[in-house]
Amino acid sequence: MSKTIRLDHSFFIRDVLDVAPELPGKILQFRSNNEVKSYLITEVEAYRGEEDKACHASKGRTARTEIMYHKGGHIYVYLIYGMYWMLNFVTAEEGNPQAVLIRGLENLPGPGKLTKSLGIDKSFYGEDLVSSKRIWVEDHGNSPTISTSARIGIDYAGEPWVSKPWRFYIGKVESFR
DNA sequence: GGCACGATGTGA
DNA sequence: CACATCGTGCCG
């Protein structure tokens, strides 16, 4: 059987374009009611720093984006459309605001759907994936084929950002979305 | 203080 | 295609 390893700072403190493509295939471990469940990560998107107009950090350092300026491994959560919480993993070194939006888990496609199912809300803002007892990520040795496309719902960002192929997903799953 | 607008999902 | 629903950034 393959060895399972909890991802630590050596994984998250890298450029988001190195981290994001490696997340589909990894396992999100989530504790609820004192029971830990495993979820295969199937789809993510990279948001890369203040220059990336689609990244919330393009507005600069604010109360909302503060956690993105911390070192990789923390969780960034925010509310969209007044009803959906979005789950993000902060990447890169301190002072470099980058994050990966978790867009889909196996059997839970959709960034708003997965947080609703798991019960993830603002209370997870700032949580540390490296030391948390209720949410973390493991490498179970999967290495799926990754497909890419432009990011979803960021038309307002304009070129070149709207065209960057920074959405990464397991192709097989994409076929029926 | 007030206002416009989303890194979405659902249902018609 | 319409729309629910509210925190956040920005303007004043």
Side-chain angles (χ1 to χ4, degrees), chain A residues 7 11-12 14-26 28 30 32 39-92 95-127 129 135 137 146-171 173-177:
Chain A
L7 301 182
F11 179 85
F12 294 108
R14 291 183 295 154
D15 190 281
V16 71
L17 294 182
D18 291 323
V19 176
E22 294 181 19
L23 279 171
K26 295 296 188 293
L28 178 69
F30 190 79
S32 180
Y39 301 87
L40 177 71
I41 295 173
T42 57
E43 178 184 354
V44 305
E45 279 178 3
Y47 288 88
R48 192 166 184 264
E50 294 181 347
E51 66 168 12
D52 176 3
K53 289 295 182 290
C55 181
H56 289 167
S58 64
K59 308 271 173 121
R61 194 166 184 154
T62 65
R64 180 171 67 148
T65 62
E66 172 64 25
I67 197 64
M68 276 205 272
Y69 288 79
H70 290 227
K71 68 182 178 186
H74 290 279
I75 284 181
Y76 169 44
V77 171
Y78 68 90
L79 185 69
I80 189 70
Y81 300 127
M83 50 186 109
Y84 299 110
W85 293 103
M86 299 287 107
L87 172 65
N88 300 251
F89 299 162
V90 174
T91 72
N96 190 349
Q98 305 182 341
V100 178
L101 167 64
I102 306 305
R103 287 192 58 86
L105 300 176
E106 188 174 31
N107 301 319
L108 286 176
K113 203 169 173 181
L114 72 92
T115 52
K116 186 179 178 186
S117 292
L118 271 58
I120 292 173
D121 59 17
K122 186 125 195 197
S123 73
F124 282 81
Y125 184 95
E127 189 93 1
L129 286 164
I135 184 170
V137 186
I146 304 299
S147 298
T148 66
S149 82
R151 293 171 292 179
I152 308 292
I154 56 151
D155 289 352
Y156 65 86
E159 296 292 353
W161 314 108
V162 69
S163 298
K164 297 285 188 186
W166 291 352
R167 171 168 169 252
F168 305 92
Y169 56 94
I170 298 176
V173 173
E174 169 63 12
S175 64
F176 57 81
R177 263 182 64 67

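Protein chains get the first letters and strands the later ones, always in sequence-line order, with residue 1 at the start of each.
Counting only N and O atoms by type, the side chains of A/E106 and A/T42 include no donor and acceptor under 3.5 Å apart. No donor-acceptor contact under 3.5 angstrom links the side chains of A/Q98 and A/Y76, judged on distance only.
Judged as a salt bridge (charged side-chain N to carboxylate O under 4.0 Å, His left out), and not counting sequence neighbours, the contacts of A/R151 are A/D52. Residues meeting the side chain to side chain donor-acceptor pair (under 3.5 Å) test with A/T148, sequence neighbours left out: none.
Scanning all heavy atoms of the two residues, the minimum distance from A/C55 to A/P97 falls at SG-O, 4.1 Å. Residue A/A63 comes nearest to A/Y125 through the heavy atom pair O-OH, 3.3 Å, listed as atom of the first residue, atom of the second, then distance.
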So what's the dot-bracket for DNA chain B: Watson-Crick or G-U pairs under 3.5 Å, [ ] if a pair crosses, | if it pairs off-strand? ||||||.||||.
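If you measure from atom CE of A/M83 to atom P of B/dA7, you get 14 Å, rounded to the nearest angstrom. Rounded to whole Å, the distance from NZ on A/K164 to C1' on B/dA7 is 17 Å. Rounded to whole angstrom, the span from the CG atom of A/L79 across to the C1' atom of C/dG9 amounts to 15 Å. The distance from atom CZ of A/R151 to atom P of B/dT8 is 12 Å, rounded to the nearest whole Å. We find that CD of A/Q98 is positioned 18 Å from P of B/dA7, with the value rounded to whole Å. Following rounding to the nearest Å, A/Y156 (OH) and C/dC10 (P) show an atom-to-atom distance of 12 Å. When the C1' atom of C/dG7 is taken as reference, atom OH of A/Y76 falls 10 Å away, rounded to whole Å. Atom-to-atom, CE of A/M68 to P of C/dT8 comes out at 12 Å; the value is rounded to the nearest Å.
Note that CZ of A/F12 is 13.5 Å distant from CG of A/D18, once rounded to the nearest 0.5 Å. Put simply, NZ on A/K59 and OG1 on A/T65 are 10.5 Å apart, with the number rounded to the nearest 0.5 Å. For the atom pair A/R48 CZ and A/T91 OG1, the distance stands at 9.0 Å (nearest 0.5 Å).
Between B/dT8, C/dT8, B/dT10, one nucleotide has an atom nearer to the side chain of A/I80 than all others, and that is B/dT8.
Judged by distance alone, the side chain of A/E43 and the main-chain N or O of A/P109 form no donor-acceptor pair under 3.5 Å.
When heavy atoms are screened at a 4.0 angstrom cut-off, A/I154 is found touching the sugar-phosphate backbone but no base atom. At a threshold of 4.0 angstrom between heavy atoms, the contacts of A/K116 with the nucleic acid are absent.
For DNA chain C, the residues of residues 47-67 of chain A within the heavy-atom distance limit of 4.0 Å (strictly under) are A/K59, A/T62, A/R64, sorted by number. Contacts with DNA chain C (heavy atom under 4.0 Å) in residues 84-92 of chain A: none are found.
The phosphate of B/dA7 (OP1 or OP2) has no side-chain N or O of A/R167 nearer than 4.0 angstrom.
Taking 4.5 Å as the limit, every side-chain heavy atom of A/V44 sits out of range of all side-chain heavy atoms of A/F89.
Screening residues 153-166 of chain A for side-chain hydrogen bond (donor to acceptor under 3.5 Å, both in side chains), with sequence neighbours left out, gives A/E159-A/S163.
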